[in-house]
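One structure is given here, and the rest of the page talks about it.
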Amino acid sequence: MSKGSNPDKGPDSSGFFGSGFFEWQLAGNRPETDEYRYNEKKYWGGFPPRGKALDESFPDWAIGPFAKHGGNPVFSPQPGAWDSGRFGGGVHNGAVVKRDGWIYYVYRGEFPIPDDELCATRKVDGIDYLCDIGIARSRDGIAFERVAGPLFRDGGDEVYSFEDVCVAEAGGRYFMFLNRWDWLHHDDPSISGVFLAVSDDLIHWEKRGLLFPGAKRIHRNPCVLQDGDNRAVRDGNGRFVMYINDGLIAFSDDLLNWKSEEVERSWPGGEGCFALSPGNPERPEDIVLFTGGHHTGHFYAVGEVLFSLKDPASPLDWLAFPVLVASPEIPHENGLAANPPHSPVSPFRDTVFFTGMTEVGDSWYAYYGGSEFYTCLAKAERRRTMRKTDGRISMERLGVVLGPEGSKPFTEAKYNAGMVLDGDTVHMAYRYSVWRTWFDPSRQSNYAIDQSRYAKLTPDGKLIEDTGRVLLAPSGPLDASGCQDPRIVAFEGWYYLFFCSWDKDLAPAGKDKARVGVARTKDFATVERLGVIDHYTWDKDAYIFPERIGGKVAYVHRVEPNVQIDYFDSIEAMLDPVFWKGYASLVESSTVLRAAFPWENGKVGGSVPPIRTGAGWLFLYHAVEPDATRRNGFVYRAGAALLDIANPSRVVARLPYPILEPEEAYELYGDVDSVVFPVGGYVWKGDLYVSYGCADRSVAIARIGLSELLDELAKHPVK
């Protein structure tokens with residue numbers, strides 16, 4: 001692909017960058033000359049000339065080609081309603097998000113400025129409208145019904161125009177970002193700019209206010225980075241990303257508080273439409289930013305710019321042609337009504353602009369504004385993963401549910417979380433680490449403290465609440481450096497927590513050791529410590545089976561580099577130090593799983609507590625492979641095996657390849673790079689859900705069909 005010769009600013013920037021309004025708009029006089037129609041050579045928003053046809057092959061990072069839906073428009077102004085439109089604006093530039101089998105459309109609806117005392121004082125020559133936000137929904141993404149709106153016409157906000165929506169979901173909440181304008185002060189960042197509202201149900205919204213009131217210039221057209229299911233995506237540093245306008249980008253740790261900055265190299269197109277990662281599942285680090293391709297005239301078309309999760313602020317490549325442009329032969333894209341007699345409805349002919357896109361089946365659905373009056377649909381084939389062409393299966397990522405509290409590496413992190421399903425609630429215990437600003441590696445661990453804290457999820461893997469409540473914390477010399485990587489097992493009326501107890505801070509130099517701590521709880525409100533299993537050497541990655549095996553408590557643990565299972569009459573017997581002092585002679589006979597494939601030749605360890613199935617005990621484990629090409633010199637992956645139901649010390653099947661490995665930026669880059677570390681799991685509605693730590697910084701959820709996994713395991717029996 002060719003690239004622009006001057007990526008710092010587009011060639012037409014001097015006449016457009018700024019508040020985002022055309023001079024003719026504010027003057028109330030729309031020019032009719034061809035200068036203001038689509039002219040790719042003259043105005044294509046800082047992009048180089050096309051040089052190829054729209055139907056030519058796209059690079060593997062790009063999305064397209066797009067085909068316009070034959071039944072457009074799919075959503076129109078409603079006569080007599082609040083969003084009935086006006087000459088020049090209707091219903092358009094909305095966001096889409098999926099919930100409970102519906103596609104919700106959070107749209108911009110326009111209407112004439114009301115003739116009342118409050119709004120009369122805000123009128124400006126040339127601008128005769130206001131906008132508010134409405135909600136519609138559809139089962140098929142084509143036929144929409146209105147369900148709410150207008151949302152923000154109260155509390156004195158009646159004077160503002162709310163426009164051009166972006167919505168992203170995180171942890172079961174929805175975050176709406178849009179433009180708020182006061183026509184008397186459209187270039188004053190303390191009054192106009194990017195506005196935030198939040199919701200738990202997509203119907204009722206809480207207004208949070210302007211995000212950048214202290215900015216030096218207007219911030220508009222927020223595009224928060226999201227995936228194909230419209231979940232907010234973090235970059236390689238664990239931050240949420242917002243593309244704004246004209247070389248502005250912002251970052252956030254929580255989607256509520258944002259800090260913007262000027263980029264060193266602006267990107268073509270300037271005004272963002274939608275930010276997606278990834279577009280191609282085989283390129284998980286890609287960011288595709290759709291841009292408006294704005295110009296000194298008035299037309300808009302849609303282009304694509306490539307970024308990376310490693311560096312979201314630096315454009316890497318861009319298409320040399322727009323992927324969506326207005327068609328003059330289509331009335332509703334040429335400023336005319338969709339239905340005969342096609343009377344004029346908008347001065348914004350040649351305008352195609354979208355702020356909402358989502359995955360539907362095997363397609364991308366992009367909802368664009370036709371002439372700034374209608375909502376239209378364009379589809380592009382979604383690139384399918386090639387991962388299964390060799391017969392392998394892999395887990396589906398559902399995204400990060402708990403992230404670090406700070407964006408800087410080696411600060412507060414949340415990762416390696418155990419979980420257990422209890423009715424319609426998932427209890428989660430995650431590892432919480434705070435890095436030291438200083439440490440003596442001969443006397444201390446790298447972390448100031450490791451705690452186990454509590455969170456709740458829905459069964460489908462969405463965060464309900466991160467309570468931050470401490471379940472386990474260092475309490476003595478044997479866990480002075482932390483209580484790490486808690487596994488949770490429901491067993492005989494209790495929830496048992498097994499964690500790594502590390503003593504390095506108080507141990508003699510070179511004599512530190514990791515042991516297995518054991519605790520239990522009924523309700524995750526109070527936790528009873530039962531003791532520490534004091535092995536003769538380092539031991540970790542431990543838990544028990546959720547039921548007795550032959551009347552015995554079956555205990556899984558790892559004396560490096562292999563996995564062992566031992567059997568006890570009771571939990572108390574398991575804690576008896578006498579047994580463990582002589583364990584060196586029993587390690588080999590207790591070993592169940594050892595490295596068998598190149599991707600696990602460093603060491604293996606138990607991950608998710610065993611899950612009973614009709615085919616045997618499902619046993620997920622992690623494996624480490626030395627890899628000199630990676631910064632840390634190794635990579636963690638996850639594998640699957642099947643253990644005999646009556647004698648789990650016998651492996652009956654085992655996949656020769658991993659079902660999860662570091663691919664996403666949040667898995668590849670963190671405090672410890674190239675790590676996926678499964679810890680918790682359960683089965684819900686036929687799917688296996690797994691929580692795993694990502695690069696020692698965050699917790700993510702993945703899932704896979706249980707029957708699919710068992711069928712694949714059946715193909716790989718262990719002789």
Euclidean distance, [Y] [atom2] relative to [X] [atom1], rounded to 0.5 Å:
X: Arg431; Y: Asp450; atom1: CZ; atom2: CG; value: 4.0 Å
X: His716; Y: Leu655; atom1: NE2; atom2: CG; value: 5.5 Å
X: Lys685; Y: Arg703; atom1: NZ; atom2: CZ; value: 11.0 Å
X: Leu497; Y: Leu472; atom1: CG; atom2: CG; value: 5.5 Å
X: Leu421; Y: Ile488; atom1: CG; atom2: CD1; value: 11.5 Å
X: Cys500; Y: Asp541; atom1: SG; atom2: CG; value: 8.0 Å

Main-chain N/O of [Y] paired to [X] side chain as donor or acceptor, under 3.5 Å:
X: Asp711; Y: Ala714; value: no
X: Glu661; Y: Tyr636; value: no
X: Asp503; Y: Lys513; value: yes
X: Tyr682; Y: Pro459; value: yes
X: Arg453; Y: Leu471; value: no
X: Glu600; Y: Ala596; value: yes
X: Asp466; Y: Gly468; value: yes
X: Asp227; Y: Asn230; value: yes
X: Glu712; Y: Glu708; value: no
X: Trp538; Y: Asp512; value: yes

Taking all atoms of both residues into account, what is the closest heavy-atom pair of [X] and [Y], and its distance?
X: Gln451; Y: Ala473; answer: CG-CB, 4.1 Å
X: Cys166; Y: Gln226; answer: SG-NE2, 3.7 Å
X: Pro312; Y: Phe251; answer: CG-CE2, 4.3 Å
X: Pro609; Y: Ile544; answer: CB-O, 4.4 Å

(message) Taking the cut-offs as 6.0 angstrom to the six-membered ring centre and 45 degrees off its axis, would you call Arg697 and Tyr415 a cation-pi pair?
(response) no
Ring geometry between [Y] and [X] (parallel below 30°, tilted from 30 to 60°, perpendicular above 60°):
X: Phe597; Y: Trp599; result: parallel
X: Phe545; Y: Trp617; result: perpendicular
X: Trp580; Y: His557; result: perpendicular
X: Tyr555; Y: His535; result: parallel
X: Tyr621; Y: Phe619; result: parallel

Is any side-chain heavy atom of [X] less than 4.5 Å from a side-chain heavy atom of [Y]?
X: Leu316; Y: Phe307; result: no
X: His427; Y: Tyr454; result: yes
X: Leu706; Y: Asp687; result: no
X: Val651; Y: Leu593; result: yes
X: Ser433; Y: Glu412; result: no
X: Val559; Y: Gln564; result: yes
X: Thr425; Y: Phe524; result: no
X: Trp364; Y: Leu276; result: yes

Going by distance alone, is a donor N or O of one side chain under 3.5 Å from an acceptor N or O of the other, for [X] and [Y]?
X: Ser308; Y: Asp311; value: no
X: Tyr689; Y: Asp460; value: no
X: Tyr657; Y: Ser394; value: no
X: Thr591; Y: Asn562; value: no

- Message: I'd like to know whether Asp286 forms a side chain to side chain contact (heavy atoms under 4.5 Å, CB included) with Leu309, so could you lay out the CA-CA distance, the side-chain angles of the two residues, the decisive distance to 0.1 Å, and finally the verdict.
- Response: CA-CA 6 Å; Asp286 283 359; Leu309 288 171; over 6 Å; no
Salt-bridge contact [X]-[Y] (side-chain N to carboxylate O under 4.0 Å):
X: Glu560; Y: Lys540; result: no
X: Asp60; Y: Arg283; result: yes
X: Lys462; Y: Glu169; result: no

Self-check item: Steps toward side chain to side chain contact (heavy atoms under 4.5 Å, CB included) verdict (Thr521, Glu528)
Solution: CA-CA 6 Å; Thr521 181; Glu528 175 190 3; over 6 Å; no
Margin query: Using the rule side chain to side chain donor-acceptor pair (under 3.5 Å), only one of Gln484, Arg515, Arg529 pairs with Asp479; which is it?
Written below: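 Checked Gln484, Arg515, Arg529 against Asp479; only one passes side chain to side chain donor-acceptor pair (under 3.5 Å): Arg529.
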Lys259/Ser252 under side-chain hydrogen bond (donor to acceptor under 3.5 Å, both in side chains): CA gap, chis, key distance, verdict:
CA-CA 7 Å; Lys259 183 177 180 181; Ser252 172; over 6 Å; no
Before we go on, tell me: are the rings of Phe677 and Tyr692 under 6.0 Å apart, centre to centre?
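That pair fails the under 6.0 Å test.
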TODO: May I have the step-by-step check of side chain to side chain contact (heavy atoms under 4.5 Å, CB included) for Asp566 and Tyr583, ending in yes or no?
DONE: CA-CA 10 Å; Asp566 289 284; Tyr583 188 69; 2.6 Å; yes
Test Glu359 against Lys98 for salt bridge (Lys or Arg N to Asp or Glu O under 4.0 Å), laying out the working first. CA-CA 9 Å; Glu359 284 186 19; Lys98 298 186 285 284; over 6 Å; no
* To do: Using the side chain to side chain contact (heavy atoms under 4.5 Å, CB included) rule, take Arg239 and Arg234 through it: C-alpha gap first, then chi angles, then the decisive distance, then the call.
  => CA-CA 5 Å; Arg239 306 168 298 181; Arg234 295 179 186 267; 5.9 Å; no
